[in-house]
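To start, the structure under review is shown below, and the notes come after it.
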Amino acid sequence: MRFAAIADIHGNCAALQAVLEDIAGLGIRDIVNLGDCFSGPLEADRAGDLFLLLDMHAVQTVRGNHDRYLIETPADALAPSDAHAHAQLAPRHLDWLRKLPFSTIYLDEVFLCHATPQDDNVYWLEQVSPAGHVFLKPLEEIEALADGIEQPLILCGHSHIPRAVQLSDGRLIVNPGSVGCPAYDDDKPFLHKVETGHAMASYAVLEKTASGWVPQFRNVPYDHMAMSRLAAENGRPDWAMALATGRV
């Protein structure tokens with residue numbers, strides 16, 4: 001049993017297309033998507049049409065926090081990345097977002113959510129110090145958030161950091177990283193940066209073996225400079241830097 005997990009595309013259709021081609025090249029047909037599909041100064045409309053096509057092929061998707069902002073926040077109150085995406089999206093794209101679940105179970109043994117099972121805007125595997133350092137959360141805090149989840153494999157996104165954490169009972173939590181946004185800064189809970197240090201698209205392949213689920217993290221090159229230039233043209237030098245270098 002083998003499938004691919006993607007997350008945090010953020011309207012980067014070029015990165016998404018490259019990842020889908022890589023997945024197909026591996027002979028994998030089954031994909032799950034952990035949300036934050038559109039928000040960003042890129043190509044939300046093109047990404048939206050591609051997601052609708054993927055939905056026709058039974059790709060399982062859960063809703064991210066930025067997906068929620070797009071359908072719950074008045075257009076004139078959206079933050080810049082969400083506002084740019086909202087202006088590009090058609091009613092069919094927003095209708096698709098409204099149908100997405102907060103969390104779901106895939107193949108009877110994989111739990112899917114965007115961030116944590118309780119909150120779509122909290123890091124599950126990482127914590128941020130008041131000084132802005134991002135580091136692995138203590139195991140007991142990670143396990144507390146997994147209380148009540150029986151599935152042996154748990155997938156989350158949100159932090160954009162590819163990571164796997166084995167729980168003391170053998171369950172595995174995997175974040176596949178971000179397809180479309182390799183670096184960003186945020187001011188919650190404290191001002192901090194997340195930087196991959198490269199401009200490639202990230203995702204993961206999950207395979208069930210005799211020893212349990214095993215993740216393979218993959219990085220896929222694409223024309224990231226075209227997306228960096230587009231971000232700059234749309235007035236977002238921070239995104240332009242992130243897409244060009246994987247740093248902010």
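All figures in this text were calculated on a predicted structure; none of them were measured in a lab.
Hydrophobic clustering (side-chain heavy atoms under 4.5 Å, transitive across Ile, Leu, Val, Met, Phe, Trp, Tyr) groups I6 together with I28. Two different hydrophobic clusters hold L153 and L167 under the rule that ILVMFWY side chains link at heavy-atom gaps under 4.5 Å. Clustering ILVMFWY residues whenever any of their side-chain heavy atoms sit less than 4.5 angstrom apart, transitively, puts W96 in the very cluster that holds L16. Hydrophobic cluster membership differs between L206 and I173, with clusters built from Ile, Leu, Val, Met, Phe, Trp and Tyr side chains linked at under 4.5 angstrom. Residues V59 and V19 share a hydrophobic cluster, clusters being chains of Ile/Leu/Val/Met/Phe/Trp/Tyr side chains in contact below 4.5 Å.
No side-chain N or O of R68 forms a donor-acceptor pair with one of T73 less than 3.5 Å apart.
In this structure, R171 pairs ionically with D169, as a charged nitrogen and a carboxylate oxygen lie closer than 4.0 Å. For the pair R92 and D49, the salt-bridge criterion is met [side-chain N within less than 4.0 Å of a carboxylate O].
For the pair T104 and Q60, the tightest heavy-atom approach, listed with the atom from each and the gap, is CG2-CG, 3.8 Å. Residues H224 and A199 approach most closely at CD2-CB, 3.4 Å, considering heavy atoms. S81 and W239 make their closest contact through OG-NE1, 3.4 Å (heavy atoms, listed as atom of the first residue, atom of the second, distance). Of all the heavy atoms in P117 and F102, the pair that sits closest is O-CE2, 3.2 Å. Taking both residues in full, the closest heavy atoms of A240 and A231 are given as N-CB, 3.7 Å, listed atom of the first, atom of the second, then distance. Counting all heavy atoms, side chain and backbone alike, F51 lies closest to C37 at CE1-CB, 3.5 Å.
Sorted by first and then second residue, the pairs that involve residues 142-151 and meet side chain to side chain donor-acceptor pair (under 3.5 Å), not counting sequence neighbours, are E143-S168.
Atom OG in S103 sits 9.5 Å away from atom CD in Q118 (nearest 0.5 Å). With rounding to the nearest 0.5 Å, the separation of CH2 in W124 from CG in L155 is 9.5 Å. Atom CG in L26 sits 10.5 Å away from atom CD in E207 (nearest 0.5 Å). Summarising the geometry, atom CG belonging to N234 is positioned 13.0 Å from atom CZ belonging to R229; distances are rounded to the nearest 0.5 Å. Once rounded to the nearest 0.5 Å, the distance linking CD1 of I9 with CG of L42 reads 12.0 Å. A distance of 9.0 Å separates SG in C156 from CD1 in I142, rounded to the nearest 0.5 Å.
Between H160 and H10, the two ring planes are tilted [angle within 30° to 60°].
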When you look at S159 and N175, which way does the side chain to side chain donor-acceptor pair (under 3.5 Å) test go after all the steps?
-> CA-CA 8 Å; S159 73; N175 185 327; 3.1 Å; yes
Evaluate the side chain to side chain contact (heavy atoms under 4.5 Å, CB included) criterion for residues E43 and M227: first the C-alpha distance (whole Å), next the side-chain angles of each, then the deciding distance (0.1 Å), finally the verdict.
-> CA-CA 9 Å; E43 298 177 314; M227 291 298 96; 3.9 Å; yes
Please walk me through it: do R247 and T196 pass side chain to side chain donor-acceptor pair (under 3.5 Å)?
-> CA-CA 7 Å; R247 299 178 183 274; T196 61; over 6 Å; no
Going through the checks in order, is the ring pair (Phe, Tyr, Trp, His ring centres under 6.0 Å) test met by H86 and H93?
-> CA-CA 10 Å; H86 192 276; H93 303 134; over 10 Å; no
Worked verdict on Y184 versus D238 for side chain to side chain donor-acceptor pair (under 3.5 Å) = CA-CA 8 Å; Y184 65 90; D238 53 338; over 6 Å; no
Would H133 and F190 satisfy ring pair (Phe, Tyr, Trp, His ring centres under 6.0 Å), going step by step from the backbone distance to the final call?
-> CA-CA 9 Å; H133 301 301; F190 306 102; over 10 Å; no
Show your reasoning for whether side chain to side chain contact (heavy atoms under 4.5 Å, CB included) applies to M1 and L107.
-> CA-CA 10 Å; M1 186 184 298; L107 299 177; 3.6 Å; yes
Let me see the working for N121 and N65 under side chain to side chain donor-acceptor pair (under 3.5 Å), right down to the final yes or no.
-> CA-CA 6 Å; N121 197 23; N65 60 304; 3.3 Å; yes
Please walk me through it: do F38 and L97 pass side chain to side chain contact (heavy atoms under 4.5 Å, CB included)?
-> CA-CA 10 Å; F38 302 127; L97 284 179; 3.6 Å; yes
Quick one: do D8 and L34 satisfy side chain to side chain contact (heavy atoms under 4.5 Å, CB included)? Show the steps, please.
-> CA-CA 7 Å; D8 296 288; L34 304 175; 6.0 Å; no
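K193 contributes a side-chain N or O that, together with a main-chain N or O of V248, makes up a donor-acceptor pair within less than 3.5 Å.
Residues Q127 and F135 are in side-chain contact: their nearest non-hydrogen atoms beyond the backbone lie under 4.5 Å apart. V110 has its side chain within reach of F3: a pair of non-hydrogen atoms, C-beta onward, lies under 4.5 Å apart. Counting heavy atoms from C-beta on, the side chains of V32 and T61 never come closer than 4.5 Å. Side-chain contact between I23 and V205: absent, with no pair of heavy atoms (C-beta onward) separated by less than 4.5 Å. In this structure the side chain of P215 reaches within 4.5 angstrom of the side chain of L172, judged on heavy atoms. Counting heavy atoms from C-beta on, the side chains of N12 and V179 never come closer than 4.5 Å. You'll find the side chain of L136 stays beyond 4.5 Å of the side chain of E126, heavy atoms only. A heavy-atom distance below 4.5 Å is found between the side chains of D36 and H114.
A side chain to side chain contact (heavy atoms under 4.5 Å, CB included) with V62 is found for one member of D120, N33, D67, L112 and no other, namely L112.
Aromatic pair H192/Y123: ring centres closer than 6.0 Å. A ring-centre distance under 6.0 Å is not found for Y203 and F217. Checked against the 6.0 Å centroid threshold, Y106 and F111 do not count as a close aromatic pair.
Heavy-atom contacts from other residues, nucleotides or ligands closer than 6.0 Å to CZ of R98 number more than 12. The number of heavy atoms from other shown groups lying within 6.0 Å of CE (M241) does not exceed 12.
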